[in-house]
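One structure is given here, and the rest of the page talks about it.
Letters go in sequence order (proteins before strands), and every chain restarts at 1.
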Protein chains: 2
Amino acid sequence: MKRQGILEELRVRGVRLTPQRLLILNAVAEGEGHLGVDEVFRQAKQSYPYMDIATVYRTLHLFKRLGVVTEVAIGDRLHFEIRDPDRRHHHMVCAKCGGAYDLAPDYLDGFREALMKEFSFEPDLDNFTVTGVCANCNAGPSDSPQG
Amino acid sequence: MKRQGILEELRVRGVRLTPQRLLILNAVAEGEGHLGVDEVFRQAKQSYPYMDIATVYRTLHLFKRLGVVTEVAIGDRLHFEIRDPDRRHHHMVCAKCGGAYDLAPDYLDGFREALMKEFSFEPDLDNFTVTGVCANCNAGPSDSPQG
DNA sequence: ATTGCTTTTGCAAACGGTAGCGACTGCTTA
DNA sequence: TAAGCAGTCGCTACCGTTTGCAAAAGCAAT
């Protein structure tokens, strides 16, 4: 399934699949998009105590560059999720409660087309996140009352 | 004109207009949206050598919170510009050449309305920036050839 | 297997940004 | 004018992230 496909693709692209990288990929996959850098680090370190935080950063950046993972900014924290081209989506993040919601890509189709048509500007919306206030917090603000 | 209006409003809101804050506001205004934190710092320090970088950060955050300045992410750098409610706009930033272009707010009106109508999610698009590849770089990539 | 070359790693130092703290400033009240 | 108080400042220590570098690992050719 998914995991194998990714590994296969990395191999084809000539990316070395070191034990460290596999552990990090695994951690991100298990975390299902909810893990930050430090959590990925701790997770991977459990299996391999020599794991270094710098390696985690380097590897996550590598994976992002390769299109294997996606970075989602939630508040001031970065979360990582496996990128599945068949399940592309954007994210809505509530600035009050910190909740994150997936958003179907077609909500931005019009925007993308307008930019391309009018400015020949090709937007990169893959890692797109829109912040705001979610329905719950708008109704009855729980985090910062009297907002 | 503009500058005076801002000062007046800050005064009314009970915000102290210290020399440091005035220098920082000035630097941002003079920079016309092209200055990063360090440049604002250096600029302000010329007039007042005791200026501290922490004060610059604190003040810029304060101004942002008060709606006086806007933060624009260009690459991994944050730029600051005076926020003029009558001239609201978003930004397009080219990932290749780093160029930044203003974008009329109505390009996102449809998006905003869809989110509010369908999810009761009230997006904060004030500091919105979309990255991508501009017309020039798409035609003849100057920065990273053979992209 | 051995050699030579490239990539990756772990460590440590450096960097950018933030937070704590004591000193100072500018109000308010007397 | 003095005392009290809140807000702000500069300094320093700190935390998360990045970079430099030498050692290790992987790969290709012999």
### Task
Quickly work out the Asp52(B) CG to dG22(C) P distance and round it to whole Å.
17 Å

### Task
Identify whether any heavy atom of Tyr48(B) sits under 4.0 Å from a base atom; if not, whether one sits that close to sugar-phosphate; answer base, sugar-phosphate or nothing.
sugar-phosphate

## Note on the structure
Here the gap from Lys45(A) atom NZ to Asp52(A) atom CG, rounded to the nearest 0.5 Å, amounts to 7.5 Å

### Residues Tyr50(A) and Gln20(A): side-chain donor-acceptor under 3.5 angstrom
no

### Task
Compare the minimum distances between each of dG20(C), dT18(C), dC11(C) and the side chain of His61(B), then state the nucleotide with the smallest one.
dT18(C)

### Message
Just the rounded figure in Å: distance from P of dT18(C) to NZ of Lys64(B).
### Response
10 Å

### Query
Between the side chain of Arg83(B) and the main-chain N/O of Phe63(B), is any donor-acceptor distance below 3.5 Å?
no

### Separation of dT8(C) C1' from Leu66(A) CG (nearest whole Å)
14 Å

### Message
Holding to side-chain hydrogen bond (donor to acceptor under 3.5 Å, both in side chains), I want the full list of residues that pass it with Gln46(B), two or more places apart in sequence or in another chain.
### Response
none

### Task
I would like to know whether His89(A) and Glu81(A) meet side-chain hydrogen bond (donor to acceptor under 3.5 Å, both in side chains); could you show each step before the answer?
CA-CA 11 Å; His89(A) 57 275; Glu81(A) 68 180 28; 3.0 Å; yes

### Task
Return no unless some side-chain N or O of Thr55(B) is found under 4.0 Å from OP1 or OP2 of dG10(D).
yes

### Task
Quickly work out the Leu62(A) CG to dT8(C) P distance and round it to whole Å.
7 Å

### Query
To the nearest angstrom, how far is Ile53(A) atom CD1 from dT9(C) atom C1'?
14 Å

### Summary
Judged by nearest nucleotide, the residue sitting upstream toward the 5' end of DNA chain C, Arg58(B) or Asp76(B), is Asp76(B)

## Note on the structure
From CG of Leu78(A) across to P of dG16(D) the rounded distance in Å is 14 Å

### Query
To the nearest Å, how far apart are Tyr50(A) OH and dC11(C) P?
8 Å

### Query
Are the side chain of His79(B) and the backbone N or O of His34(B) linked by a donor-acceptor pair below 3.5 Å?
yes

### Query
Hey, are the side chains of Thr59(A) and Val56(A) touching, using non-hydrogen atoms and a 4.5 Å cut-off?
no

### Query
So which of residues 8-26 of chain A are in contact with DNA chain C, with a heavy-atom cut-off of under 4.0 Å?
Arg16(A), Thr18(A), Gln20(A), Arg21(A)

